[in-house]
There are 2 protein chains.
Amino acid sequence: MSKEISLQALQRLPLYLQYLKALPADKDIYISAKVLSSALGLGEIQVRKDLAAVSDGGKPKVGYCAAELIKDIENFLGYDNVNDAVLVGTGKLGKALLSYDGFKAYGLNIVAAFDSDPGKCGIDESGKQIFHISKMENLCERMKIEIGIITVPAASAQEVCDILVKSGIRAVWNFAPAHISVPAGVLLKNENMAASLAVLSKHLSEKRVCENNSNSI
Amino acid sequence: MSKEISLQALQRLPLYLQYLKALPADKDIYISAKVLSSALGLGEIQVRKDLAAVSDGGKPKVGYCAAELIKDIENFLGYDNVNDAVLVGTGKLGKALLSYDGFKAYGLNIVAAFDSDPGKCGIDESGKQIFHISKMENLCERMKIEIGIITVPAASAQEVCDILVKSGIRAVWNFAPAHISVPAGVLLKNENMAASLAVLSKHLSEKRVCENNSNSI
DNA sequence: GCTATATCGATATCCTAATATCGATATAGC
DNA sequence: GCTATATCGATATTAGGATATCGATATAGC
């Protein structure tokens, strides 16, 4: 375990996790790569290779122990040690993410939010504190926050990102529809809804429906 | 133009669009692949190849005409002919997307929303009508809606998707953290926040910071 | 008008990821 | 306890995308 893994494989791991957690939490449930692959619409060999990177093996004839697998994947992804995060920009999307209580399952804990509008500061309906953005650097450094979530308009995304980096953030999750740049050592992950829309729109504009099977992206 | 394009290239097109639109809307602005690539953190040849798929060419020494390029990309992606969509699930995320007025720039128009909770039906604060889910099939068929956006809890995602497909939807945009399956001919695009979180979490759990440059994903 | 050069576009190469093939192994069933 | 087989894991092959190389071309500057 903790071997090499491709970016694609890494991003498939939560899929396995989601499926495995939906199974009855019996200690002796075993599942084969074949079952997993057909349930998730993936290739069987691909599943086996992905799992090989995180677990120390399944058993012939029965497959992988589901409970073990969950533990291995969560451990591999670092979901066991919770990551604290801050969110910047409390518009509609920001508030939606603040209120979403599903993140804790992924080891993500949003501890506070920031906004440049003093009128928005205070306690959010989610119960979380919204501070003025001028307080960010100090708070992040004191609390050793490592993840910053950007939900501001495109125009201010780079500016906000720079402050986050200055505050010691090591991973940025960007929801703004803008390209931003970060120094080496800081990870930038764009949540690219525009890219998704491009795929949808292109598919629909191709009036001739190509009846292929690999239609999930 | 309208040649072959890879899925990755397709998803990069909105990036170019966003950058080009930020330029002054002068008719005679030209931009080279070199400038574009360094501004967006991409490879120069990659940019040239991507643009070759949508436009009918740049000029040596000066590059591509920005205004032409915008037109070509939007045309290629089908952003000019607006796509009507419906949204299912009016929780926090659903409401956030309903209120987001940036979609129209991508040719997406959410015409109505649906929820299984009769208490949530009526006019949303965004001004859009929320109907009971039982009305969905009829409305989608009458209005020839082709895009369905799923923002319901994971447990009901597949059920909702099935209704959408039955209603004639041809492209599904799934925000639920669940694997769902669609018949051939229908495109499924997962907006996979769990996958993004996996990348972030893994990066942070690797305590030894690999100081590589390709840190944007 | 001429030349030097920035830039494009096509072809070729490399690299990563997905898929196929085949032997190994432990379990289920008798 | 024995055998047949479902499944795993390793190696090899294929496919796709990203990158490099090189010649072509039209423009900018003189």
Side-chain angles (χ1 to χ4, degrees), chain A residues 1-13 15-16 20 28-66 68-69 72-73 195 198-199 202 210 212-217, chain B residues 1-13 15-16 20 28-66 68-69 72-73 195 198-199 202 210 212-217:
Chain A
M1 60 200 95
S2 227
K3 303 148 196 168
E4 296 280 301
I5 191 167
S6 75
L7 181 62
Q8 273 79 356
L10 174 58
Q11 297 188 99
R12 278 191 295 269
L13 292 179
L15 210 63
Y16 304 131
L20 292 168
D28 290 327
I29 292 224
Y30 281 75
I31 188 159
S32 71
K34 189 174 204 162
V35 173
L36 255 174
S37 67
S38 65
L40 298 175
L42 300 171
E44 181 180 341
I45 300 103
Q46 189 176 52
V47 170
R48 219 175 274 142
K49 264 187 85 176
D50 290 352
L51 297 184
V54 299
S55 91
D56 39 23
K59 290 184 192 168
K61 191 86 177 182
V62 289
Y64 303 84
C65 170
E68 283 284 323
L69 221 40
D72 286 341
I73 296 177
V199 177
K202 182 76 179 121
C210 311
N212 61 345
N213 291 332
S214 62
N215 48 2
S216 162
I217 298 165
Chain B
M1 60 201 96
S2 227
K3 304 147 195 167
E4 296 280 300
I5 192 167
S6 75
L7 181 62
Q8 271 77 0
L10 174 58
Q11 297 188 96
R12 278 191 297 269
L13 292 180
L15 210 63
Y16 303 131
L20 292 168
D28 290 327
I29 293 223
Y30 280 75
I31 189 160
S32 70
K34 189 174 204 162
V35 173
L36 256 174
S37 67
S38 66
L40 298 175
L42 301 171
E44 182 181 339
I45 300 102
Q46 190 175 52
V47 171
R48 219 174 276 142
K49 263 186 85 176
D50 289 352
L51 297 185
V54 298
S55 91
D56 40 21
K59 292 184 195 171
K61 192 85 175 183
V62 290
Y64 303 83
C65 171
E68 282 285 323
L69 219 43
D72 286 342
I73 297 178
V199 178
K202 182 77 178 115
C210 310
N212 61 346
N213 291 331
S214 62
N215 47 3
S216 163
I217 298 162

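Convention: sequence-line order gives letters A, B, ...; per-chain numbering from 1. Note that this is a predicted model, so its numbers are computed, not measured.
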Check: V35(A) main-chain N/O paired with S38(A) side-chain donor or acceptor under 3.5 Å
yes
Of R12(A) and P60(A), the one whose nearest nucleotide on DNA chain C sits closer to the 5' end is R12(A)
Anything under 4.0 Å to a heavy atom of chain A counts; send over the first and last such nucleotide of DNA chain D, read 5' to 3'.
dT5(D) to dG9(D)
Distance check, rounded to the nearest 0.5 Å: I29(B) atom CD1 versus E68(B) atom CD?
14.0 Å
Taking every non-hydrogen atom, the tightest pair across V47(A) and S37(A)
CG2-CB, 3.7 Å
One should report the stems of DNA chain C, each a stretch of at least three consecutive Watson-Crick or G-U pairs at distances under 3.5 Å, as C:1-30 with D:1-30
L7(A) CG to dA17(C) P, straight-line distance once rounded to whole Å:
8 Å
Do any pairs count as a salt bridge (charged side-chain N to carboxylate O under 4.0 Å, His left out) and have a residue in residues 31-45 of chain A, sequence neighbours left out, and if so which ones?
E44(A)-R48(A)
Strand contacts (DNA chain C) in residues 30-43 of chain B, 4.0 angstrom heavy-atom criterion
S32(B), A33(B)
Of A9(A) and K61(A), the one whose closest nucleotide on DNA chain C sits nearer the 5' end is A9(A)
Between I31(A) and L20(A), what is the shortest heavy-atom contact and its length?
CG2-CD2, 4.0 Å
Going by side chain to side chain contact (heavy atoms under 4.5 Å, CB included), name the residues that satisfy it together with I45(B), two or more places apart in sequence or in a different chain.
none
Value rounded to 0.5 Å, distance of CD in Q46(A) from CG in L40(A)
10.5 Å
Give the minimum heavy-atom separation between L13(B) and D50(B), together with the two atoms involved.
CD2-O, 4.5 Å
Rounded distance (nearest 0.5 Å) linking atom CD1 of I73(A) with atom CZ of R12(A)
12.0 Å
Approximate separation, where rounding is to 0.5 Å, of L42(A) CG and L36(A) CG:
8.5 Å
Once side chain to side chain contact (heavy atoms under 4.5 Å, CB included) is applied, do any residues pair with S6(A), and if so which ones, sequence neighbours excluded?
Q8(A), A9(A)
Evaluate the side-chain proximity of D72(A) to D56(A): yes if any heavy-atom separation is below 4.5 Å, no if none is.
yes
Donor-acceptor pairs are to be reported for all side-chain atoms of residues 58-65 of chain A against protein atoms at under 3.5 Å, with residues two or more places apart or in another chain.
residue, atom, partner, partner atom, Å
K59(A), NZ, Y30(A), OH, 3.4

N/O contacts under 3.5 Å, protein versus nucleotides 12-15 of chain C?
none

Here the distance between atom P of dT19(C) and atom CD of Q8(A), to the nearest Å, is 12 Å
